[in-house]
Amino acid sequence: VNCSEIHFAGGINLLDAKWVKATTTSVTLNTYTDIYTVPTSRRAYVSDMNMFNGTASTITYKAYAKIGGVYYGLSASTSATTIAANQVGIGFVLEAGESLAVLQSATGQTIYSSIVEFDSSTPFFSARALSPNNATTTLYTVPTGSSAFVTDTSAIISVVPKMMVYTDN
């Protein structure tokens, strides 16, 4: 579905936005499986990841962001029981060239995700620290003359702190 813009929480206008299909049934046991990569000049807000387990056993899975060829956890490991669906919240903005991936303990399931793709000129992004240390880490400093608000303070992406930010400039 294509739209000229989608209004996100707090009145954020996601320019040239569209919902994208990100689904796979082709997964490899205990191997990262990329299920969506953000195209050039775009960003993508990943709301959640869902799994339908059609097997006779419990399956464990975890969502990841592939950034610069390295996989960073976006969620805790979650289990889906026999013949059941499960959802994990993500709330993260991927940049062009970055991918959404999954790592799971078995095959036989369908993975799908809720993603809104939008123009990279939209000032809505996830501030993140890919290599945090044990000291205080600044994720984002608002430029002089601008204002910003934090839309999400989910601070666990594996060990990578994150927050979503929208600026007026």
Side-chain angles (χ1 to χ4, degrees), residues 1-27 32-53 61-78 80 84-104 109-130 139-143 146-169:
V1 176
N2 291 319
C3 302
S4 59
E5 60 184 58
I6 292 176
H7 298 279
F8 194 71
I12 300 169
N13 297 326
L14 302 179
L15 304 174
D16 189 24
K18 65 179 182 176
W19 295 97
V20 296
K21 182 179 178 181
T23 186
T24 187
T25 56
S26 302
V27 294
Y32 295 106
T33 302
D34 295 354
I35 62 172
Y36 168 78
T37 300
V38 183
T40 303
S41 301
R42 306 289 286 168
R43 287 186 174 137
Y45 171 70
V46 182
S47 171
D48 52 57
M49 180 178 283
N50 304 275
M51 179 177 59
F52 175 74
N53 178 5
Y61 72 106
K62 183 175 178 177
Y64 286 84
K66 182 179 173 185
I67 302 170
V70 177
Y71 291 91
Y72 298 93
L74 291 174
S75 70
S77 290
T78 305
N86 192 348
Q87 180 182 59
V88 60
I90 295 176
F92 191 73
V93 178
L94 294 167
E95 300 291 333
E98 296 177 348
S99 299
L100 175 65
V102 65
L103 179 68
Q104 62 284 326
Q109 69 278 6
T110 300
I111 303 286
Y112 54 99
S113 191
S114 300
I115 298 176
V116 177
E117 189 180 282
F118 55 96
D119 190 273
S120 63
S121 66
T122 303
F124 179 58
F125 58 92
S126 286
R128 57 203 93 170
L130 299 179
L139 291 179
Y140 181 74
T141 301
V142 180
S146 293
S147 60
F149 68 90
V150 176
T151 61
D152 180 18
T153 57
S154 301
I156 180 145
I157 37 182
S158 207
V159 294
V160 180
K162 70 175 173 87
M163 68 179 175
M164 292 189 306
V165 176
Y166 178 75
T167 64
D168 64 357
N169 284 347

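Owing to the predicted nature of the structure, the values given are computational and were not obtained by experimental measurement.
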Working to the nearest 0.5 Å, report the span between OG of Ser114 and NZ of Lys21.
13.5 Å
Please report the interatomic distance CD(Gln104) to CD1(Ile111), rounded to the nearest 0.5 Å.
5.5 Å
Parallel, tilted or perpendicular, as decided by the 30° and 60° cut-offs, for the rings of Tyr64 and Tyr71
perpendicular
Should Leu100 and Leu74 count as side-chain neighbours, where that means a heavy-atom distance under 4.5 Å?
yes
Side chains of Gln109 and Tyr61, donor plus acceptor under 3.5 Å:
no
Looking at Ser75 and Ala63, would you say the former's side chain and the latter's main chain have a donor-acceptor pair under 3.5 Å?
yes
Please report the closest heavy-atom contact between Ala65 and Leu94, naming both atoms and the distance.
CB-CD2, 3.8 Å
Only one of Val46, Ile67, Val93 forms a side-chain contact (heavy atoms from CB on, under 4.5 Å) with Glu98, so which one is it?
Ile67
Taking the side chain from Ser47 and the backbone from Ile115, do they hold a donor-acceptor pair closer than 3.5 Å?
no
Are the side chain of Thr122 and the backbone N or O of Leu14 linked by a donor-acceptor pair below 3.5 Å?
no
Is Arg43 reaching over with its side chain to a backbone N or O of Ser120, donor-acceptor style, under 3.5 angstrom?
yes
Contact check, side chains of Phe52 and Asn50, non-hydrogen atoms, under 4.5 Å
no
I want to check something: taking the side chain as every heavy atom from C-beta on, are Ile35 and Met49 in contact at a cut-off of under 4.5 Å?
yes
Return yes if some donor-acceptor pair links the side-chain N/O of Asp34 with the main-chain N/O of Ser99 below 3.5 Å, else return no.
no
Any side-chain heavy atom of Tyr32 sitting closer than 4.5 Å to one from Leu103?
yes
Determine the minimum heavy-atom distance between Ala80 and Asn53, stating which atoms define it.
O-ND2, 3.0 Å
If I compare all heavy atoms of Ser41 with all of Ala96, which pair ends up nearest, and what's the gap?
N-CB, 4.0 Å
Can you find a heavy atom in the side chain of Arg42 that is under 4.5 Å from one in the side chain of Asp16?
yes
